[in-house]
Amino acid sequence: MPSRRRCSSGPSASAKPDTATSKKQKKTGEVLVKEVILGNMAMTPAHGANYPVELVGKDVEKLYVCEFCFKYTDDVAKIVGHSRFCEPAHGGAIAGTLEYTIDERYSIYKVDGETDNLFCTNMCLFAKLFMADKSIYYEVKGFVFYTLVETMAGTPPLRRVLGFFSKEKMSWDDYNLACILVFPPFQRGGLGRKLIAYSYRLSKYEAKVGSPEKPISALGLIGYTRYWASILAGVVLCPHASIADSPLSIADISRMTMILPDDITATLKKMDAIEKDADGNFTLDAAKVQQYVSENRVRVSQYIERDGEIWYQ
C-alpha cells in the first residue's frame with residue numbers, strides 16, 4: 001500500500017518537479033515510478049516521470065491515474081475517492097470538442113492546451129512514462145492536442161482517451177504533428193494509423209502539405225514508413241480513374257495525399273520502387289511496390305470520394 005503523504009489528483013500548471021536524488025534521478029531529474037495503474041490496467045513505465053515530487057514523492061511504488069481525466073495520486077484511497085466525483089467517469093463531457101467521427105466506436109477530439117491546460121498537462125505527464133523524447137508537459141499552451149476517444153457501450157456511454165497527437169499552434173516548418181502516442185494497453189490495434197491519418201486530413205483542410213516533426217524517433221519512423229507505404233501502394237496499385245491513365249509524379253502524389261515530397265521519395269526508395277533517369281526524372285515501378293507490399297504485409301489503402309475530393313485511407 002502506498003504511503004499516505006500529502007497528495008493531489010493533479011498539479012497546477014506551474015508545478016515543478018524537485019531535484020532527484022537517486023543515480024538515475026540525478027542524471028535525468030525525473031521521478032521513478034515502478035508501476036502505473038491506469039483505471040484497472042497495470043503497466044510498467046518505460047521511462048522516468050516528471051510528476052511533482054511534493055505530490056507523489058521521489059520513488060513511487062504505484063501511481064494511480066484516472067483513465068478519464070489523467071489526474072493522479074500515489075494513494076489508492078484518493079483515486080477511489082476521485083472516481084466517485086470525476087464527471088467523465090460517469091458519462092459527463094470529456095475535455096475538448098468533437099472534431100471528427102471515425103466510426104461508432106472511435107472519434108477524434110480537439111483539445112486546446114491553453115483552454116484545457118490541466119487535462120493536457122496531466123495527459124502529457126502520463127505520456128512521458130512511455131516516451132523517451134517527450135519534453136513538453138507543463139508548457140502546453142502553445143499546442144493543440146487531438147485525442148483518439150473510444151465510446152464504450154453503456155447507459156450513459158463512457159468515453160476515454162486511448163492516445164493522442166499534439167500539434168504546435170504555430171509551426172514555422174509546417175509540421176502537422178509534434179508527437180504521437182497510443183497508450184500501451186491499446187497498442188498494436190491500428191489506432192496509431194488512425195491518428196496519423198487524421199494529421200494528414202488536417203493538412204488537407206489547411207491546404208498545406210504536412211510532415212511529422214523531425215527528427216522522428218526510430219520507433220516513430222517505423223510506424224510512419226508503414227503508413228506512407230500503405231498510402232503510396234494505394235495510389236500506385238489502386239489508382240482513381242482520374243489518374244489511372246496518366247504517369248504519376250512525386251508532386252502529383254503529394255497533392256493527392258498531402259505527404260511531403262521528401263517523405264514520399266524516401267519511402268519509395270525504401271520500397272526500391274523508384275528510379276531516376278538521365279534527365280533527373282523519377283520513374284515509379286509498380287511491380288516493386290507490389291513486391292514490397294506482399295513481402296512486408298503492408299495494407300494497400302483504398303480511396304474514398306467525399307465532397308468532390310479523393311482521399312486514400
Side-chain angles (χ1 to χ4, degrees), residues 99-108 146 148 163 165 167 174-177 180 182 187-212 214 216 219-276 281-313:
E99 188 83 354
Y100 182 73
T101 299
I102 299 173
D103 52 35
E104 292 183 356
R105 184 176 179 183
Y106 301 115
S107 53
I108 301 287
Y146 292 89
L148 179 63
F165 72 85
K167 185 176 186 293
D174 285 336
Y175 292 134
N176 63 4
L177 182 150
I180 181 173
V182 174
Q187 291 175 359
R188 301 190 181 280
L191 300 183
R193 180 188 177 94
K194 296 181 188 298
L195 286 169
I196 293 173
Y198 191 72
S199 74
Y200 282 102
R201 190 174 288 275
L202 284 178
S203 294
K204 200 169 189 71
Y205 292 156
E206 296 170 358
K208 294 179 182 178
V209 170
S211 183
K214 305 296 192 338
I216 308 176
L219 188 60
L221 184 58
I222 292 172
Y224 263 95
T225 298
R226 194 164 185 84
Y227 174 80
W228 290 329
S230 173
I231 298 300
L232 298 181
V235 174
V236 174
L237 302 177
C238 303
H240 184 266
S242 63
I243 60 171
D245 299 323
S246 304
L248 278 175
S249 69
I250 300 297
D252 292 333
I253 297 174
S254 181
R255 281 193 295 270
M256 185 174 296
T257 64
M258 306 309 293
I259 299 174
L260 190 72
D262 287 350
D263 295 333
I264 294 172
T265 303
T267 304
L268 289 172
K269 285 182 178 178
K270 184 173 181 61
M271 301 168 81
D272 193 27
I274 189 171
E275 294 182 355
K276 184 184 289 187
N281 299 314
F282 287 107
T283 303
L284 297 177
D285 189 332
K288 289 290 184 68
V289 172
Q290 182 62 67
Q291 180 181 344
Y292 182 89
V293 165
S294 300
E295 292 177 351
N296 294 276
R297 298 181 180 180
V298 173
R299 167 188 163 189
V300 179
S301 63
Q302 303 294 317
Y303 65 78
I304 60 172
E305 294 184 66
R306 181 179 296 176
D307 300 327
E309 292 188 337
I310 304 167
W311 185 252
Y312 280 84
Q313 61 178 21

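A donor-acceptor contact shorter than 3.5 Å is absent between the side chain of N296 and the backbone of V298. With S254 contributing its side chain and I250 its backbone, the two residues share no donor-acceptor pair below 3.5 Å. At least one donor-acceptor pair under 3.5 Å links the side chain of S199 to the backbone N or O of I196.
Among all heavy-atom pairs drawn from S230 and R299, the shortest one is OG-O, 2.5 Å. Of all heavy-atom pairs spanning D263 and G210, the tightest one is OD2-O, 4.5 Å. Scanning all heavy atoms of the two residues, the minimum distance from L284 to L248 falls at CD1-CB, 4.0 Å. Residues M271 and V289 share a closest heavy-atom pair of CE-CG1, 3.8 Å. When all heavy atoms are compared, the tightest approach of Y312 to M256 is CE1-SD, 3.5 Å. Here the closest non-hydrogen pair linking L260 and K214 is CD2-NZ, 4.4 Å.
For the pair C238 and Q302, the minimum side-chain heavy-atom distance is below 4.5 Å. Residues W311 and M258 form a side-chain contact, since some pair of their non-hydrogen atoms from C-beta on lies under 4.5 Å apart. Side-chain contact between T267 and I259: absent, with no pair of heavy atoms (C-beta onward) separated by less than 4.5 Å. Within the 4.5 Å cutoff, side-chain heavy atoms of Y106 are placed close to those of L191. Within the 4.5 Å cutoff, the side chain of F282 has no heavy atoms near those of the I264 side chain. When side chains are defined from C-beta on, I180 does not count as touching P212, because their heavy atoms never get closer than 4.5 Å.
Checked options L195, N176, L148, I108; the residue passing with F165 is L195 (criterion: side chain to side chain contact (heavy atoms under 4.5 Å, CB included)).
Once rounded to the nearest 0.5 Å, the distance linking OH of Y175 with OG of S211 reads 7.0 Å. Note that CD1 of I231 and CZ of R226 are 12.5 Å apart. Values are rounded to the nearest 0.5 Å. Note that the CD atom of Q313 and the CZ atom of R201 stand 6.0 Å from one another [nearest 0.5 Å]. For the atom pair OH of Y198 and OH of Y100, the computed distance is 8.5 Å after rounding to the nearest 0.5 Å. To the nearest 0.5 Å, atoms CG (D174) and CD (E206) are separated by 8.5 Å. Between the OG1 atom of T257 and the CG atom of L232 there is a distance of 6.5 Å, given to the nearest 0.5 Å.
Ring pair Y227/Y200 is parallel by interplanar angle, where below 30° counts as parallel and above 60° as perpendicular.
No more than 12 heavy atoms of other residues, nucleotides or ligands lie within 6.0 Å of CG in L219, so this atom counts as exposed by the packing criterion.
Ion pairing between K288 and E275 fails under the 4.0 Å rule for side-chain N and carboxylate O.
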